[in-house]
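Here is the structure we will look at.
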Amino acid sequence: MVISQIVFALFLATGIYFFAGSVGVIRRNILLGKDIDLSDNPAARWKQLFWVAMGQSKMVKRPVAGFFHILIYVGFVLINIEVLEILIDGLLGTHRFFAHYLGSIYDVAIGFFEILAFGVVVACVVFLARRFVTKVPRLQMNELKGWPMKDATIILVVEIVLMAALLMMNAAEQVLVNKELMEGHGSFPVSQYLVGFFSGFSDGSVHMIERLCWWFHFVGIVVFLNYVPYSKHWHIIISFPNVYYTPLKPKG
């Protein structure tokens, strides 16, 4: 267990180190520009931040794409709250750390996260279909070919794989809980339908799959974090300060 904690801490520290380096380069490039005072009217800036960056107001102009985009956005942000528990479990060697403190609230939260995870998978599949099956015209423009198309595909596939790993981890855990080989916590409205996948597997194999999915989810998130600064999806993070500091003066 101690070795596992050490490996976890080293990988996490390495991921944070490289991410901080990427952010440092971006910050350095931004600071090459001329200073502008954008501290005026904070109330209007906060309103704009909540409406545009957090409320995703621009996406509602296209109802179908907007709905699934918001689903992915909300799902990915809220599900990553669970990453905090993974970090604590990985560093302390515990299992579902918050379950002992939140009780029934924890069960509701895990169930809600599973529903969101499934929603993210569905939304990503829809977006892939819109790109490669129905071929929505605005997604086939020349400026989106090449790296932009590859980047979008990588992000969508990675999100599907990460959510699938989370659901498979929960399903494997339920098998072990049913056999009284692990203490049970949480509710699993989605992954309960994946339990049958493990029929015929030995207890050791199920436990190995549960651990592999747990590690895969953690490693995947760290790798994803370090990929984002090189992707157009850097806006997931940088959109908040960008929107807050947007000039408030009319363009005309």
Side-chain angles (χ1 to χ4, degrees), residues 12 15-88 98 101-102 105-106 108-117 119-120 122-124 126-127 138 144 148 151-152 155-156 158-159 162-163 166 221-222 224-252:
L12 177 62
I16 293 175
Y17 173 80
F18 283 107
F19 178 72
S22 298
V23 173
V25 171
I26 294 172
R27 179 178 181 275
R28 180 202 65 192
N29 292 341
I30 291 174
L31 293 177
L32 291 174
K34 182 180 179 181
D35 289 339
I36 301 176
D37 184 11
L38 296 173
S39 60
D40 62 306
N41 204 340
R45 294 186 180 281
W46 279 109
K47 179 180 178 181
Q48 185 168 253
L49 174 67
F50 282 107
W51 178 243
V52 178
M54 300 187 71
Q56 299 287 293
S57 60
K58 290 186 177 181
M59 295 306 302
V60 298
K61 295 178 181 179
R62 298 187 179 95
V64 175
F67 171 77
F68 286 109
H69 187 280
I70 292 173
L71 182 60
I72 291 177
Y73 175 78
V74 174
F76 197 77
V77 170
L78 293 182
I79 290 168
N80 277 322
I81 294 175
E82 190 172 0
V83 176
L84 176 60
E85 183 177 56
I86 290 177
L87 295 179
I88 294 174
F98 291 137
Y101 300 97
L102 298 180
I105 296 177
Y106 184 84
V108 174
I110 294 300
F112 182 61
F113 290 160
E114 280 216 346
I115 293 172
L116 281 176
V120 170
V122 171
C124 289
V126 169
F127 280 144
R138 69 182 181 84
L144 295 181
D151 179 38
I155 292 291
L156 292 171
V158 167
E159 289 188 1
L162 287 177
M163 296 304 105
L166 179 67
I221 287 174
V222 174
F224 179 83
L225 180 67
N226 279 277
Y227 171 76
V228 164
Y230 302 94
S231 164
K232 80 182 186 71
H233 290 79
W234 178 236
H235 75 269
I236 295 172
I237 298 174
I238 205 67
S239 62
F240 294 96
N242 276 350
V243 171
Y244 183 85
Y245 288 112
T246 297
L248 298 176
K249 296 180 180 178
K251 294 181 179 180

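Residue numbers run from 1 in the order of the sequence given. None of the values given here were measured: they were computed from a predicted structure.
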With sequence neighbours left out, write down each residue that passes side-chain hydrogen bond (donor to acceptor under 3.5 Å, both in side chains) with E85, or none if nothing qualifies.
Y106
Excluding sequence neighbours, so at least two apart, what forms side-chain hydrogen bond (donor to acceptor under 3.5 Å, both in side chains) with N41?
none
Any chance CD1 of I105 has more than 12 other-residue heavy atoms, nucleotides or ligands included, within less than 6.0 Å?
no
In chain order, what residues pass the salt bridge (Lys or Arg N to Asp or Glu O under 4.0 Å) check against D40, with sequence neighbours excluded?
R45
Sequence-distant partners of A123, side-chain contact (heavy atoms from CB on, under 4.5 Å), two or more places apart
F68, L71, I72
Under the side-chain contact (heavy atoms from CB on, under 4.5 Å) rule, collect the residues that match up with D35, sequence neighbours excluded.
none
Applying side-chain contact (heavy atoms from CB on, under 4.5 Å), name anything that partners L87, two or more places apart in sequence or on another chain.
F8, L12, V83, F218
Run the ring-ring contact (aromatic ring centres under 6.0 Å, His included) test against Y244 and tell me which residues pass, sequence neighbours left out.
W46
Does D37 have any side-chain hydrogen bond (donor to acceptor under 3.5 Å, both in side chains) partners at least two apart in sequence or in another chain, and if so, which?
S39
side-chain contact (heavy atoms from CB on, under 4.5 Å) filter on V108, not counting sequence neighbours, yields none
Side-chain heavy-atom pair F18, L225 within 4.5 angstrom cut-off:
no
Output every pair passing side chain to side chain donor-acceptor pair (under 3.5 Å) with a member in residues 17-28, not counting sequence neighbours, ordered by first then second residue.
S22-Y230
